[in-house]
Amino acid sequence: MNLNAIDRYAKSLIKEAGHKIRVSFFNTIDIDSKSDANDLVTNIDKEVELFFIERVKEDFPDHKIVSEEGFGDRISSLDGIVWFLDPIDGTMNFIHQKRNFAISLGIYVDGVGMLGYIYDVMADDLYHAAKDEGAYFNDERLPQLEITPLEEAVIGINASWVVPNGRVDNDKIIELVTRCRGTRSYGSAAIELAYVSSGRIDAYISMRLAPWDIAGGIVIAQEVGAMATNLQGETPHLLGTDSFIVTRPNLHKEILTNYIRLK
Ligand code: IPD
Ligand code: CA
Ligand code: CA
C-alpha cells in the first residue's frame, strides 16, 4: 500500500469536490430533513458523497468507505482500509450561511488513523495530516500545541449542552463556561476540530458525534499533541456514535474530571 499515493489522490478528490460544492450555489439546492426537522440534507451532500464513492470504488476496489448519507459501506469491524467521509459537515451552515462547512475525511488502516483531512470549502483551507508526519494548514506546518490555563481557554460547545438535557449535568457545564475565557459554536464539528488543532480555540466538546465527523480531525489533532477521546476518556468508537472531546494537552484531564458528569 502506497500511502503517499493515496494521500495525493485524496487531496485531489477533496479539491474537486470542493469546486463542485462552490459551483452548486449557482443552482437551486434541494433541501430535505432526516431524523427531525433540523437534521438537514441536500442534493449536494448526496452528490458529493456519490462522487467520492464512485471514484474510490473504481480506483481502490478493496477500500471501504463509510459515509453519512448511507451510499457507502456498512462495516462491523475496522479491518482493512476504511475511508470515513462526511461530504458536508455543517449542512445547516451550508444552507443558511453558505460558509463554515467542511469536507471531512479520515483514512484508517486496521483501525489506525493514517491520513486526515478537513477542507473548509469556502475559505479554500485544507487542514491535513499523515500519521507521524505532522499536520498542516494548507502548506504551513502546524506547531505542537502549548499549554493554556482554563481561565484563558476558548471552548467550542453547543448551547444545547448548557441548558438541561438528557446527556450531561448542565450545572457542571455552566461552571465550565463560567470559568473559561469564552465559548464558541461554529456548527461544524470538523471545523471545530481543525480550530483546536490550529490553536484558534482550546477545546471542543460534543455529546454525540458520528465517525465521519471526527475520523479525519482526530488524525490531525494527534499530530499536534491534542488529546481526542470520548467523554469517558477512551479512544472514540468509530463503529457508531460517541461523545467527544478534543483539547490542548493540559486541559483534557481537568475538564473531564471537574466538569463532565454524564447521565
Ligand atoms: C453536524 C455538525 C454539527 C454537530 C452535529 C453534526 P452535519 O454534522 O458537525 O456541528 O453539532 O452533531 O451532526 O449533520 O452538518 O454533517
Ligand atoms: Ca457531520
Ligand atoms: Ca454531513
Side-chain angles (χ1 to χ4, degrees), residues 13-14 17-18 20-21 24 29-53 65-72 83-106 116-123 127 154-163 165-168 170 173 177 183-197 200-201 203-221 228 230-231 236-246:
L13 282 192
I14 287 168
K20 284 178 188 296
I21 297 173
S24 76
I29 294 170
D30 301 330
I31 305 167
D32 243 319
S33 55
K34 298 190 281 187
S35 60
D36 63 59
N38 299 326
D39 183 11
L40 304 172
V41 64
T42 72
N43 57 316
I44 309 303
D45 298 67
K46 294 176 187 168
E47 282 167 27
V48 171
E49 179 162 316
L50 282 167
F51 162 77
F52 273 90
I53 291 172
I65 179 155
V66 176
S67 43
E68 173 156 28
E69 308 312 336
F71 299 111
W83 295 46
F84 292 96
L85 170 74
D86 194 338
I88 298 182
D89 183 59
T91 296
M92 200 183 287
N93 289 350
F94 171 67
I95 295 166
H96 285 259
Q97 307 180 338
K98 298 188 168 44
R99 67 190 69 209
N100 294 326
F101 58 87
I103 297 172
S104 167
L105 173 66
Y117 311 87
I118 295 167
Y119 182 47
D120 179 333
V121 173
M122 300 314 284
Y127 302 79
V154 177
I155 297 182
I157 190 163
N158 287 353
S160 26
W161 312 123
V162 186
V163 297
N165 69 83
R167 290 183 187 264
V168 72
N170 72 302
I173 301 288
V177 302
T183 58
R184 295 291 182 272
S185 182
Y186 292 98
S188 158
I191 286 185
E192 293 179 269
L193 254 155
Y195 281 8
V196 172
S197 299
R200 294 180 189 157
I201 58 174
Y204 167 63
I205 301 168
S206 177
M207 300 308 141
R208 189 166 183 272
L209 289 175
W212 43 79
D213 296 320
I214 55 174
I218 289 172
V219 179
I220 300 168
N230 65 20
L231 291 172
H237 301 300
L238 293 177
L239 291 174
T241 57
D242 206 350
S243 58
F244 187 66
I245 178 168
V246 58

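Counting convention: from 1, in listed order, for ligands and their atoms alike. The analysis underlying the following values was restricted to heavy atoms, covering all of them including side chains, and did not include hydrogens, waters or symmetry mates.
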Audit row: I21, F94, side chain to side chain contact (heavy atoms under 4.5 Å, CB included) steps and yes/no: CA-CA 9 Å; I21 297 173; F94 171 67; 3.6 Å; yes
Closer than 3.0 Å to the Ca ion (ligand 2) - protein N, O or S atoms, ordered by chain and residue number: D86 OD2, D89 OD1, D213 OD1
Shortest non-hydrogen contact between S206 and L231, atoms and distance: O-CD1, 3.8 Å
For ligand 1, the residues whose heavy atoms come within less than 4.0 Å (ordered by chain, then number): E68, D86, I88, D89, G90, T91, N158, G187, S188, A189, R208, L209, D213
D242 side chain vs H237 backbone, donor-acceptor pair below 3.5 Å: yes
Heavy-atom side-chain contact between F244 and I218 under 4.5 Å: yes
Y186 side chain reached by I201 side chain, heavy atoms, under 4.5 Å: yes
Donor-acceptor pair between D45 and T91 side chains, under 3.5 angstrom: yes
N100 backbone acceptor or donor facing N93 side chain under 3.5 Å: yes
Donor-acceptor pair, side chain of N158 and main chain of S160, under 3.5 angstrom: no
Heavy-atom donor-acceptor pair, E49 side chain to E69 backbone, under 3.5 Å: yes
